[in-house]
Undergrad: 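The structure is given below, and queries will be raised subsequently.
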Amino acid sequence: MCMKTALITGITGQDGSYLSEFLLAKGYDVHGIIRRSSVDYRERIAHLEGTPHFHLHYGDMSDSMGLVQIVGKVRPDEIYNLAAQSHVQVSFDSPEYTADCDATGVLRILEAVRQNGLEHSCRIYQASTSELYGKVEQVPQDEQTPFHPYSPYAVAKLYGYWIVKEYREAYDMFCCSGILFNHESERRGETFVTRKITLAAARIAQGKQTKLYLGNLSSLRDWGYAKDYVECMWLILQNKRPEDFVIATGVQHSVREFCELAFQYAGIHLRWEGEGKDEKGICVSVSDNLRDMDLVGKVLVEVSSDFYRPTDVVNLWGNPAKAKRELGWNPAKTSFEDLVKLMVESDMEKVRNEVILGHARTNLAEYLEKGIVK
Ligand code: NAP
Ligand code: G4F
């Protein structure tokens, strides 16, 4: 069988790293686009570098000339466009950059394919998002639910969604959007709420942090496991017809519930007191191994308005019926409980083995205070 070639933008991200592993295991020749940076820090794909069939190219979603060149050189059978400024809160601070990367960037990829004459041979997956539903008009959300984007990030991604649909219809290209609901993992960026919580729970349980500050605890999400979701990206491109799919678990939880369970897996039982910005998570008991840590009765979680957004999406809940029926994808492979557990276990281990570089990255202030990093 002839080896297929895939090009992944955003290969250094959470999803890019899992997708690379998935495609390499399927026998693909995998090419990825990375950004030049002053620090060569590619933690998520370091284990793949130097292996056969894994290649990296410098490029940027804001640089169409570079993208045209890479696509022309690689001549991929499949492109997975995962690169994005993916943080919703950051999109309020950098709206123009977010639009350039997340909206116009999609157009640049589509045009790079067309300009290299690959529009009828190359299939394109676009990383779309449940954020498109935004200020939701229906729960749960499926492929027919109207969009109501509610952040600069979501507005940019909406352009990506429509330009993909437009190129599919105008030029008969096989390009599709996966409307993915939140998916998390041990490799999730540390400022997304789930990872922020599991890392804090692990650090508090090991005496390396005293408190966790969060924003809206009542926000509801449909959280799945990233490793399960990359399979679906691939399935969408193996489908007979180019179509868009909602990818979700169909189960919804609040930030508060995620937090409570994560602390529980770290050996800390929380009780909630107060409401809104005055709500607090207080330690009511600890597991035997944490008994000498003096945590009981202490406030470990507080709300800070720093983490509130100008407009927040608060009720995401996906209906994955179409993906289940037409792609044979199993949305129930990893339960919410298993997801939280595997993230906490991984962070417990990481915090235990924190080396100076990693520690300085997550807690520079503490290291400066101790005089280890000048
Ligand atoms: P992520 O961890 O933040 O990774 C984003 C990737 O995009 C990184 O490799 C990053 O490179 C790259 N990137 C950012 N700006 C770029 C630019 N200007 N040029 C080239 N590369 C650039 O995100 P993720 O969680 O893996 O998500 C992957 C995609 O799915 C994103 O498009 C995201 O918006 C979308 N999505 C994610 C979720 C989710 O819950 N995870 C849900 C729905 C949709 P650096 O490493 O250099 O920063
Ligand atoms: O973890 P989050 O930052 O993820 P968000 O905004 O849902 O975006 C993620 O999922 C999208 C799919 O729906 C992707 F398109 C996007 O790229 C990204 O991967 O926040 C989740 C919820 C929000 O309602 C937020 O207001 O948690 C709430 N939250 C409460 N406290 C917090 C915090 N979010 C963050 N990041 N930090 C907090 O302290």
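Remember, it's 1-based here, ligands and their atoms both numbered in the order they're listed.
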Undergrad: Has Tyr308 got any heavy atom lying under 4.0 angstrom from an atom of ligand 2?
TA: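 Outside the 4.0 Å threshold, so no.
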Undergrad: Among all protein heavy atoms in this structure, tell me which lies nearest to atom 18 (C) of ligand 2, with the distance rounded to 0.1 Å.
TA: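 Answer for atom 18 (C) of ligand 2: Ser86 O, 3.5 Å.
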Undergrad: From atom 29 (N) of ligand 2, work out which of Leu316, Val193, Leu132 has a heavy atom at the shortest distance.
TA: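 Closest candidate by heavy-atom distance is Val193.
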Undergrad: Examine the proximity of ligand 2 to Val314 and report which part, side chain or backbone, both or neither, has a heavy atom under 4.0 Å away.
TA: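 Neither; nothing of Val314 gets under 4.0 Å from ligand 2.
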Undergrad: Check each of Arg309, Gln14, Glu131 against atom 6 (O) of ligand 2 and report the one with the nearest heavy atom.
TA: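 Residue with the shortest heavy-atom distance to the ligand atom: Arg309.
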Undergrad: Should the proximity of Ala84 to ligand 1, defined as any heavy atom under 4.0 Å, be assigned to the side chain, the backbone, both, or neither?
TA: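 Ala84 to ligand 1: contacts from backbone and side chain alike.
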Undergrad: So, Glu119 and Tyr167: side-chain donor and acceptor under 3.5 Å apart, yes or no?
TA: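 On atom types as modelled, these side chains do not qualify, holding no pair under 3.5 Å.
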Undergrad: Students should be able to answer this: which protein heavy-atom is nearest to atom 30 (O) of ligand 1, and at what distance?
TA: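 Sorting protein heavy atoms by distance from atom 30 (O) of ligand 1 puts Ala127 CB, 3.4 Å first.
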Undergrad: At a non-hydrogen distance cut-off of under 4.0 Å, which region of Phe192 contacts ligand 1 (side chain, backbone, both, or neither)?
TA: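 The answer is neither; Phe192 stays 4.0 Å or more away.
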Undergrad: What donor-acceptor contacts under 3.5 angstrom involve side-chain atoms of residues 229-243, with partners at least two apart or in another chain?
TA:
residue : atom : partner : partner atom : Å
Tyr229  : OH   : Thr249  : N            : 3.3
Trp234  : NE1  : Tyr28   : OH           : 2.9
Gln238  : OE1  : Lys4    : NZ           : 3.2
Gln238  : NE2  : Glu78   : OE2          : 3.1
Gln238  : NE2  : Trp234  : O            : 3.1
Asn239  : ND2  : Arg241  : O            : 3.1
Arg241  : NE   : Glu243  : OE2          : 2.8
Arg241  : NH2  : Glu243  : OE2          : 3.4
Glu243  : OE1  : Lys322  : NZ           : 2.9

Undergrad: Given that the side chain starts at C-beta and the backbone is N, CA, C, O, which of these parts of Arg35 lies under 4.0 Å from ligand 1, counting heavy atoms, or is it both or neither?
TA: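 The side chain, only.
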Undergrad: Out of all atoms in ligand 1, which are within 4.0 Å of some heavy atom of Asn182? Include the element for each.
TA: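 With Asn182 as reference, the close atoms of ligand 1 come out as 40 (O).
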Undergrad: At the 4.0 Å heavy-atom cut-off, does Gln89 count as touching ligand 2?
TA: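 For ligand 2, residue contact (heavy atoms, under 4.0 Å) with Gln89 is absent.
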Undergrad: Which one holds for Trp223 and ligand 1: side chain close, backbone close, both close, or neither close, with close meaning a heavy atom under 4.0 Å?
TA: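 Contact part for Trp223 vs ligand 1: neither.
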Undergrad: Could you identify the single nearest non-hydrogen protein atom to atom 14 (C) of ligand 2 and state the distance to 0.1 Å?
TA: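 Heavy-atom neighbour on the protein nearest atom 14 (C) of ligand 2: Tyr153 OH, 3.5 Å.
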Undergrad: Among all protein non-hydrogen atoms, which one is nearest to atom 23 (C) of ligand 2, and what is the separation to 0.1 Å?
TA: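 Nearest protein contact, heavy atoms only, for atom 23 (C) of ligand 2 is Arg221 NH2, 3.4 Å.
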Undergrad: Run through His47, Arg187, Lys227, Glu43 and flag the one making a side chain to side chain donor-acceptor pair (under 3.5 Å) with Ser17.
TA: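 Going through His47, Arg187, Lys227, Glu43 one by one, the side chain to side chain donor-acceptor pair (under 3.5 Å) with Ser17 is satisfied by Arg187 alone.
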Undergrad: Of all the heavy atoms in Arg188, does at least one lie under 4.0 Å from an atom in ligand 2?
TA: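 Arg188: in contact with ligand 2 (<4.0 Å).
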Undergrad: Any salt bridge linking Lys277 with Glu279? Criterion: basic side-chain nitrogen under 4.0 Å from a carboxylate oxygen.
TA: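 Salt bridge between Lys277 and Glu279, a charged N being under 4.0 Å from a carboxylate O: no.
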Undergrad: With a sphere of 6.0 Å drawn around NZ of Lys280, does it hold more than 12 non-hydrogen atoms of other residues, nucleotides or ligands?
TA: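 Buried by this count: over 12 neighbours within 6.0 Å.
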Undergrad: Looking only at protein heavy atoms, which one is nearest to atom 39 (O) of ligand 2, and how far off is it?
TA: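 Protein heavy atom at minimum distance: Lys196 NZ, 2.8 Å.
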Undergrad: Starting from atom 44 (C) of ligand 1, which protein heavy atom do you reach first, and at what distance in Å?
TA: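 The answer is Ser128 O, 3.2 Å.
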Undergrad: Can you tell me which residue and heavy atom of the protein come closest to atom 39 (C) of ligand 1, and the distance to 0.1 Å?
TA: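 The answer is His183 CE1, 3.3 Å.
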Undergrad: Looking only at protein heavy atoms, which one is nearest to atom 27 (O) of ligand 1, and how far off is it?
TA: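 Going atom by atom, the protein heavy atom closest to atom 27 (O) of ligand 1 ends up being Asp15 OD2, 3.7 Å.
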Undergrad: What atoms in ligand 1 come closer than 4.0 Å to a heavy atom of Arg188?
TA: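 Listed by number with element, the hits are 25 (O), 39 (C), 40 (O), 41 (N).
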Undergrad: Can you pull out the closest protein heavy atom to atom 26 (O) of ligand 2? Residue, atom name and distance to 0.1 Å, please.
TA: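 Its nearest protein heavy-atom neighbour is Asp312 OD2, 2.8 Å.
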Undergrad: Examine the proximity of ligand 1 to Lys157 and report which part, side chain or backbone, both or neither, has a heavy atom under 4.0 Å away.
TA: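 For Lys157, the contact with ligand 1 is made by the side chain alone.
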Undergrad: Nearest protein heavy-atom contact for atom 4 (O) of ligand 1: which residue, which atom, what distance?
TA: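 Nearest neighbour among protein heavy atoms for atom 4 (O) of ligand 1, to 0.1 Å: Gly13 CA, 3.3 Å.
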Undergrad: Mark up the atoms of ligand 1 that fall under 4.0 Å of a heavy atom belonging to Cys101, in ascending order.
TA: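 In order of numbering, the contacting atoms are 15 (N), 16 (C), 17 (C), 18 (N).
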